[in-house]
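Working notes, structure below.
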Amino acid sequence: MLARLGTLVRTTAFKLSLAYLVVFAAFAFFALGYVAWNARRVLDDQIVSTIEAEINGLSDQYASGGIRRLVSVVERRAREPGASLYLVTTPAGEHVVGNVEALPPGVLAEPGQTETAYGRGTDGDRLDHRAIVRIFTLPGGFRLLVGRDVEERDRLRAVIGRAFGWSLMLVVGLGFLGSWFIAQRVLKRVDHMTEITRGIMAGDLDGRLALAGTGDELDRLARNLNAMLDRIGELMRGMREVSDNIAHDLKTPLTRLRNKADAALREGRDPDALRAALEANIEESDNLIRVFNALLMIARLEAGSARENLADFDAGLVALEVAELYEAVAEERGVALRTLAAPDLVVHGSRELIGQAMANLIDNALKYGAGAAEPVVCVEARREDGAVVVAVSDRGEGIPAAERGRVLERFVRLESARTRPGFGLGLSLVNAVARLHQGALLLEDNGPGLRAVLRLPAAPRQDGPRQETRTQETRTQDGLPRQEPPREAPGSARDAAARAEPTS
């Protein structure tokens with residue numbers, strides 16, 4: 001129990017509650033103090049006003065009848081019950097008439113208003129009471145004291161003091177209980193989170209933090225932690241899939257490489273046969289290196305560690321330049337490669353990675369659209385709803401709607417694509433590039449064929465002269481016309497696209 005209490009006392013919720021309690025108690029202290037001070041001031045003003053009224057009445061009596069009439073009136077009023085005080089003394093200080101019997105020495109010698117102790121007739125010489133009095137010196141040396149007892153004021157002050165004490169005790173008690181209750185509830189949720197996180201650290205990666213549904217800071221923290229755990233789970237599944245894919249999909253080429261080397265050693269008798277075997281092994285090794293490079297690139301993109309060299313650039317120009325690199329391939333395969341790019345398609349990102357993604361899409365479109373009845377590949381770049389869209393469409397066999405999500409995974413190849421070269425990493429890399437740039441890769445039906453859409457967030461527009469829409473078209477084996485795009489000075493865009501080797 002003591003350990004539990006110590007844990008509660010150390011919680012942030014308890015400390016914050018106590019801090020609020022101290023602030024509230026200080027506010028209550030000053031508020032009650034102001035009330036007490038103001039109440040006393042009001043009572044003092046009322047007492048002074050009463051004394052002034054008494055003095056005015058006695059002044060009239062003195063003016064009409066002199067000292068004798070004044071003494072008579074004071075004697076009559078002194079016998080009446082109440083808090084009013086009267087005293088008339090001789091020049092020597094001897095008591096003449098009044099209901100005040102004792103005063104501190106020297107009080108009567110100083111005319112004016114003062115607050116002093118006094119004793120009534122029944123108290124003897126004891127100064128057990130306090131009063132606000134005003135002292136006058138009359139003609140002939142007589143002195144007149146008119147005052148008002150302040151017992152009611154002191155009683156009210158005592159009542160306020162007791163209320164002040166009880167209020168502070170109540171505030172402290174309720175504040176402590178409230179702090180304990182709040183800390184208990186918060187600590188219960190934190191303990192539950194701690195238990196779940198311990199299970200996650202022990203290997204239960206499917207565990208998630210519970211949400212109370214209140215939308216408070218703990219709910220927001222739990223929601224963010226759950227999102228982080230989901231992302232970690234995706235990365236872990238990706239690592240397992242990569243390991244499994246390497247174990248299964250790369251086993252065949254490695255085995256083939258080993259068998260070719262073994263056959264060359266057993267059957268090779270002349271230098272030409274050995275040379276041919278070495279060249280075949282080198283080609284197979286290059287393919288494996290490309291696969292591993294693609295896997296490493298996808299892993300870097302999914303981990304978000306490829307964010308260097310980010311800058312604003314025109315994605316339309318990159319699309320034109322990458323398409324220009326594939327003109328010869330399109331002519332060789334008899335495909336009409338048409339490109340349409342709108343101006344000012346500025347995005348913020350890696351020019352090289354986006355160029356490689358476009359190269360992969362165009363390479364896939366040429367590969368699977370070459371055998372179509374209408375061998376046309378269209379590359380279109382435009383702005384749409386605040387985003388830059390690069391769409392590559394072909395007239396090939398396309399991808400069934402049920403398989404379009406699966407082909408974005410690593411090493412996934414449909415049965416119809418098994419006869420063509422490739423490893424099933426191209427679309428995975430394009431998808432990773434899109435996610436790195438907070439974009440998306442969408443696969444749509446082109447009726448017939450496939451339309452791959454790379455959607456990227458557009459950078460803010462830059463003021464400047466407008467350009468015409470840029471187009472280019474290759475010359476196919478049928479002699480179709482070819483329009484050249486506007487040339488850019490030799491530099492990074494075309495060089496980056498050229499260095500971006502497509503991964504099938």
Side-chain angles (χ1 to χ4, degrees), residues 297 301 304 306-327 330 337-366 377-394 408 426-444 450-474 483-503:
M297 176 60 71
L301 294 175
R307 299 185 182 276
E308 63 274 5
N309 300 325
L310 301 183
D312 290 347
F313 63 93
D314 193 333
L317 286 177
V318 175
L320 290 172
E321 293 165 358
V322 174
E324 184 180 2
L325 292 176
Y326 280 89
E327 290 176 358
L337 179 59
R338 300 169 182 170
T339 307
L340 177 66
D344 300 329
L345 300 181
V346 180
V347 299
H348 182 78
S350 171
R351 181 190 294 258
E352 183 172 352
L353 291 177
I354 292 178
Q356 180 169 354
M358 295 178 184
N360 282 6
L361 294 179
I362 296 175
D363 183 73
N364 279 352
L366 292 175
V377 171
C378 295
V379 180
E380 182 183 3
R382 67 179 187 277
R383 185 183 292 267
E384 181 180 290
D385 297 333
V388 172
V389 173
V390 180
V392 181
S393 56
D394 61 70
L408 300 181
L427 292 179
S428 298
L429 189 142
V430 177
N431 189 46
V433 170
R435 294 180 61 178
L436 177 71
H437 292 82
Q438 286 78 48
L441 173 62
L442 306 175
L443 302 180
E444 303 172 352
L450 180 69
R451 186 170 184 267
V453 179
L454 179 62
R455 188 179 183 90
L456 301 170
R461 289 180 180 270
Q462 301 292 333
D463 295 334
R466 301 288 296 176
Q467 301 178 5
E468 297 295 331
T469 300
R470 300 154 293 184
T471 62
Q472 72 179 32
E473 184 174 355
T474 65
Q483 298 175 349
E484 294 292 341
R487 295 288 179 173
E488 184 183 35
S492 58
R494 185 174 293 104
D495 296 341
R499 290 195 303 271
E501 181 180 3
T503 305

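Shown here for A381 and G316, the closest heavy-atom pair between the two residues is CB-CA, 4.2 Å. Nearest heavy atom pair, residue G355 against residue V322, reads O-CG2, 3.9 Å. Smallest separation of non-hydrogen atoms from V430 and A357: CG2-O, 3.5 Å. Nearest heavy-atom pair, V389 versus V453, reported as atom, atom and distance to 0.1 Å: CG1-CG1, 3.3 Å.
In this structure, CG on L436 lies 10.5 Å from CG on L456, to the nearest 0.5 angstrom. The distance from atom CZ of R351 to atom CG of L310, rounded to the nearest 0.5 Å, is 12.5 Å. Annotation: the span from L337 atom CG to Y326 atom OH amounts to 10.5 Å, rounded to 0.5 Å. Rounded to the nearest 0.5 Å, atoms CG (L325) and CD1 (I362) are 8.5 Å apart. Note that CG of N360 is 10.5 Å distant from CG of L441, once rounded to the nearest 0.5 Å. We find the CD1-CG distance between I354 and L454 to be 7.0 Å, quoted to the nearest 0.5 Å.
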Exercise for review: Test L443 against L408 for side-chain contact (heavy atoms from CB on, under 4.5 Å), laying out the working first.
Suggested key: CA-CA 10 Å; L443 302 180; L408 300 181; 4.1 Å; yes
Point to revise | Test log, rule side-chain contact (heavy atoms from CB on, under 4.5 Å), inputs S350 and H437 | key: CA-CA 8 Å; S350 171; H437 292 82; 4.0 Å; yes
Point to revise | Derivation and outcome, side-chain contact (heavy atoms from CB on, under 4.5 Å), residues Q356 and L429 | key: CA-CA 9 Å; Q356 180 169 354; L429 189 142; 3.7 Å; yes
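The side-chain heavy atoms of F313 and V346, taken from C-beta on, include no pair separated by under 4.5 Å. Under the 4.5 Å side-chain criterion, counting only non-hydrogen atoms from C-beta, V318 is in contact with M358.
R382 meets the side-chain hydrogen bond (donor to acceptor under 3.5 Å, both in side chains) test with E380, E384; sequence neighbours excluded.
No donor-acceptor distance shorter than 3.5 angstrom exists from the side chain of H348 to the backbone of P457, with no hydrogens or angles considered. Remark: side-chain polar atoms of R383 are paired, donor with acceptor, to backbone N or O of D344 under 3.5 angstrom.
Looking at V392, T339, L361 one by one, the single match for side chain to side chain contact (heavy atoms under 4.5 Å, CB included) with V377 turns out to be V392.
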